[in-house]
There are 2 protein chains.
Amino acid sequence: MKLKELADKLGLSQTTVSRALNGYPEVREETRMRVQKAATTYNYRPNTRAMGLATGRSMAIGHVIPVYSKNEVVNPVFGEFIAGASQTYSANGYELLLTVADAQNEEDTYRKLVAKGAVDGVIVHSPERNDSRVAMLRDIGLPFVIHGRVSEIDLEYSWIDFNNRRAFQQATQLLLDLGHEKIALINGIETLNFAWLRRQGYTHALEQAGIALDPSLMSSAEMTEGHGYSSASAMLKKPDAPTAFLVSSYMIALGVRRAISHAGLQMGRDVSVIIHDDELSFFQNNDPVPQFTATRSSVREAGAKAAQMLLNIIDDPSIAPVSELLEAHLTIGSSTGPLKRLKAANQN
Amino acid sequence: MKLKELADKLGLSQTTVSRALNGYPEVREETRMRVQKAATTYNYRPNTRAMGLATGRSMAIGHVIPVYSKNEVVNPVFGEFIAGASQTYSANGYELLLTVADAQNEEDTYRKLVAKGAVDGVIVHSPERNDSRVAMLRDIGLPFVIHGRVSEIDLEYSWIDFNNRRAFQQATQLLLDLGHEKIALINGIETLNFAWLRRQGYTHALEQAGIALDPSLMSSAEMTEGHGYSSASAMLKKPDAPTAFLVSSYMIALGVRRAISHAGLQMGRDVSVIIHDDELSFFQNNDPVPQFTATRSSVREAGAKAAQMLLNIIDDPSIAPVSELLEAHLTIGSSTGPLKRLKAANQN
DNA sequence: TATCTTATCCAAAGCGCTTTCAATTTACTT
DNA sequence: AAGTAAATTGAAAGCGCTTTGGATAAGATA
C-alpha cells in the first residue's frame, strides 16, 4: 500500500493524507481521523527510503563496532548496550544500522555512512585514549555520542560514561582498607580509554597509600576468561603473590576464579577479588550475597541514555555538546575479605 | 557530492556516470575509467535512499532479536552470529538493520519492516519448536533464512543449523561409554527448537542404552551462569546425584563448574561435564587440552553462511529453499573422565 | 450584499538515483 | 560511396514521499 493508493481510496490528495498522518494542523480533525483509520486498516506505512529522500533524513542511527582482526573478540558489552539503545530508537521511529568494521579503516566506515546518507548520527564505541575519530566526526559534521570518553584530547564532544577512575580508586581503597597491599590489576587493553582510566584509579589509590607500583601485578589484554586465568595463574605462582585482584570484567573474573581455585586457594578467604560489573543480563551478579564484590554500572542503561542524547542532538544540533558521567555502585559480595596470612605457601 | 554534480564536473550526463559506476557495458572503457577516478577523487557515493527508491531494493538485511521481557537476557550468541553475517554484508554492499523486538509483537515487527520497505530480507533468530513466523514470512513474501530450524512444521523454508540432536546424542554416548549413568542435562529454554533437539539427542541416547529418564536430572531455563549454578547445585545435593552433566552452553557450564567446586568435588575427576561450545570469541575453549570436553560449532561461521544464503535468495528468489546442516566436532578436554565411585558421599 | 479571513484541500515540484527510449557517432559491408 | 549495424551517450520519466504555492469553500466583517 502506497500513499497514492491510500489517497485514492479515501478520495483525498496525497498531500492531505500525508499531512494528516504527520500531524500537520491544516487538516480537518474529522478528515484526520478518517485517514488514520484507513491507514491502520490497510496497514499503510510510509516507505522509509522515499520519506528519507524527501526529508533529507534517514531516520537511522549507526553503531560502528570496531574489530581488530578477523577472529577478534566481540565484546558482549555491545550487545547489552545496543539492547538499551534500541528501545529508545524504536520508541522514536529510528532504525539501528550496525556495522562491524575493521579498526583500521573505521574512519572510512564513518565517511562512507555519511556520503551514502545512510544515518543521521552515530554512536562511537570503544574510544581510545587519543581517539582521532572525534576530530574527524566533528569535521564531517555527523552528530555523534561516544560511549566512553577520550581523555587526551581537548575538543568538545558529547559522551556518556561511568566514572571508571573513581570506581577503581574506591575499589582499590576498599582492598587497602581490608589490609591488602599486594593488589593486582587485571585490565582490558589499556590503549582503550576506559581501561586507562581504571588503571589511573588503581595507581592513584596505591600511591596515596604509599605503596609502590609493581608492574608484574598489572596485566592488560582482551577481556576474556582466558586472559583472567593466565594472568592470575602467573601472578599466583610468584613468591610474592598478590592477595587481592582488581578485575575489569566479569569474564576476566571467571578466569581469575578458576586460577585461584587451581592454586588451591579460596576466593574471598585466601584471595580477594573485586570486579567491575557491567550488569550483563547473562551474568547476573545479584544473589542476596553476590558472588563478586563489584563496582556496578548498567551498560544497558548507558545505551538507552546515549541513544536519547543523540536523538536530542539530531533534533537540535545547536545544543552544546552534552555529557553524562554515571557513578558506579559498590556492592559487597563474598569475594572479598580481610587480609589473612596464608599458612602454607602456594602449593603449586 | 551528488550524481548531478559529478556528471557536470565530468561533462557527462547522469545516465552515463551512473552506468559507468554500476558496471553497465554500454560505456566506453576510457570513459568508465575517467568516471571512476573522479568518483574516488570526490569521494562520491550514491545516496542509499535515492538508489533504493529507484531500484526498489533497500540493500539492507534485517536481524530481529527477540526479547521476552524488559530486562531479558541478550544471548551473546547474537553478537557473534552478527559479526559473522556482517562481513558478508559489507562485502556485498548490504547494510545490517538491527531490531530488538518484544517477542510478543515480533510478527508485527516483520510486517512493519516490509511495509516500510526497510529491508530486502531478514534473518530469523531463535526459532521455537512450532514457530509461526515461518508461515507469516512466507505469506508476506519476505525472503528469510532461519538460524536454526522449526521442527514441528512441514513448510519449506531456508535455514542453517548445526546438528543439535546428533551432537547431544554423541556427547551423551561418550558419557555412557565412560561408565556414567546418572547424566544430567542442563539446557536452554525448551520451547526453543535448538534446546528441544538437544534434549531429544540426550533422551534418545539414554533410551538406547536402556536407562530410564529422570526428570529431576533435566533442567531448562535461560542460558545464564546462574542457571547452571543453581541447577547443578540442587542436583548435586540429591542422594543419587548425577556423575555427569551435559550442558547447553559455556555460560551455563561456568555455573556448573562453580557448583561442582562448591560441592567440594573436582570437575573431570569426580564429575564429568560436556558442553556445547558456540566458539564465542571471548570464551575460548581451545587450550592444548581444553577446559571443557565439548561439541563445537562456530556461530560466527554460521552467521557468515546464513548471510550468504540470504543474499543468494534475494538475488534469485526462484531458487528452491536451501538449507545447511553443520556438524559439530567433538573435542575432548579435561572436564570428562571415567566414572569413579566416590569414596565419601556428598559432603554437603 | 460585497469583501476579507480562515480553514481545508490539492497540483505539482523536487529529493537523488536508475532505466527506458532515442539520438548521435563510429565502424563495418558491399 | 552509400547504407547498415554496433557502440556510445543523453533526455526524461519515474521510484514514493514531503512541501510549497495556490485554489476553493465557508465563515466573519462591514
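Residue numbering restarts at 1 for every chain, and letters A, B, ... go by the order of the sequence lines.
- The 5' end of DNA chain D is approached more closely, in terms of each residue's nearest nucleotide, by B:Glu29 than by the other of B:Glu29 and B:Leu53.
- D:dG16 atom P lies 18 Å from atom CG of A:Asn22, rounded to whole Å.
- For the pair B:Arg45 CZ and C:dG16 C1', the interatomic distance rounds to 17 Å; values are reported in whole Å.
- One atom, CG of A:Leu12, and another, P of D:dA23, lie 20 Å apart when rounded to the nearest Å.
- Regarding contacts with the backbone of D:dT9, a side-chain N or O of B:Thr31 is found under 4.0 angstrom from either OP1 or OP2.
- Between the C1' atom of D:dT9 and the CZ atom of B:Arg19 lies a distance of 7 Å, rounded to the nearest Å.
- At a threshold of 4.0 angstrom between heavy atoms, the contacts of B:Arg49 with the nucleic acid are absent.
- Relative orientation of the B:His63 and B:Tyr89 rings is perpendicular, given thresholds of 30° and 60° on the angle between their planes.
- Using a 4.0 Å heavy-atom criterion, one finds that A:Thr55 contacts the sugar-phosphate atoms exclusively.
- The only option from A:Phe81, A:Trp159, A:Tyr157, A:Phe194 that meets the ring-ring contact (aromatic ring centres under 6.0 Å, His included) definition with A:His147 turns out to be A:Phe81.
- Here A:Thr15 does not reach the OP1 or OP2 of C:dC9: none of its side-chain N or O atoms lies under 4.0 Å away.
- In terms of position along DNA chain D, the nucleotide closest to B:Val17 lies nearer the 5' end than the nucleotide closest to the other residue of the pair B:Val17 and A:Gln14.
- Applying salt bridge (charged side-chain N to carboxylate O under 4.0 Å, His left out) to A:Arg133 and the options A:Glu107, A:Glu128, A:Glu106 leaves one that passes, A:Glu106.
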